[in-house]
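What you are looking at is a predicted structure, and each value in this text was computed from that prediction instead of being measured. Along the sequence shown, the residues carry numbers beginning at 1.
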Amino acid sequence: MKQRAIITVVGRDSVGIIARVCTYLADNNINILDISQTIVQEFFNMMMIVDVSGAQKGVDCIAAEIAEVGNERGVQIKCQLEDIFNKMHRI
């Protein structure tokens with residue numbers, strides 16, 4: 001059964017953001033199910049739905065590590081389980 005998470009990436013655009021995030025995901029056996037990204041002037045925004053069920057690490061560890069990837073690239077990256085994301089964004 002798939003365990004879905006939402007990953008968001010926000011910050012100033014620069015070369016390699018998508019590549020670095022996708023490399024982290026591939027290295028941790030996390031499959032991208034859907035992806036949307038936009039650049040408005042110099043600002044980058046990406047949202048991904050991923051399947052973390054194949055990862056050997058827990059979501060808390062993944063969230064901490066991918067946040068550090070964001071720090072290295074100068075962007076903010078957040079990872080939350082889909083259920084938590086949906087509850088936080090309910091109107």
List the atom of [X], the atom of [Y], and the distance in Å for their closest heavy-atom pair.
X   : Y   : value
N28 : E65 : OD1-OE1, 4.4 Å
I17 : F44 : CG2-CE2, 3.7 Å
I30 : V50 : CG2-CB, 3.7 Å
I66 : C79 : CG2-CB, 4.0 Å
I62 : A55 : CD1-CB, 3.8 Å

Pairwise distance [atom1]([X]) to [atom2]([Y]) - rounded to 0.5 angstrom:
X   : Y   : atom1 : atom2 : result
M47 : I6  : CE    : CD1   : 4.5 Å
S36 : M46 : OG    : CE    : 10.0 Å
L25 : I35 : CG    : CD1   : 8.5 Å
R4  : N31 : CZ    : CG    : 11.5 Å

Legend entry - Side-chain heavy-atom pair I18, Q37 within 4.5 angstrom cut-off: yes
Inset, instruction - Measure the shortest side-chain to side-chain distance between V40 and N45 over non-hydrogen atoms and say whether it is less than 4.5 angstrom. - result: no
Inset, instruction - Check step by step if side chain to side chain contact (heavy atoms under 4.5 Å, CB included) holds for T8 and I77. - result: CA-CA 6 Å; T8 57; I77 303 179; over 6 Å; no
Inset, instruction - May I have the step-by-step check of side chain to side chain contact (heavy atoms under 4.5 Å, CB included) for E42 and S14, ending in yes or no? - result: CA-CA 8 Å; E42 70 272 9; S14 65; over 6 Å; no
Legend entry - Neighbour count above 12 (heavy atom, 6.0 Å) for E72 CD: yes
Inset, instruction - Look only at the side chain of N29 and the backbone of G54, and say whether a donor-acceptor pair between them is shorter than 3.5 Å. - result: yes
Legend entry - Short side-chain to backbone donor-acceptor contact, D51 and S53, under 3.5 Å: yes
Inset, instruction - Could you walk me through whether L81 and Q3 pass side chain to side chain contact (heavy atoms under 4.5 Å, CB included), step by step? - result: CA-CA 8 Å; L81 286 175; Q3 184 178 25; 3.5 Å; yes
Legend entry - F43-V21 co-clustered via ILVMFWY side chain contacts under 4.5 Å: no
Inset, instruction - Give the C-alpha distance, both sets of side-chain angles, the deciding distance and a yes or no for side chain to side chain contact (heavy atoms under 4.5 Å, CB included) between I32 and I49. - result: CA-CA 6 Å; I32 299 168; I49 301 173; over 6 Å; no
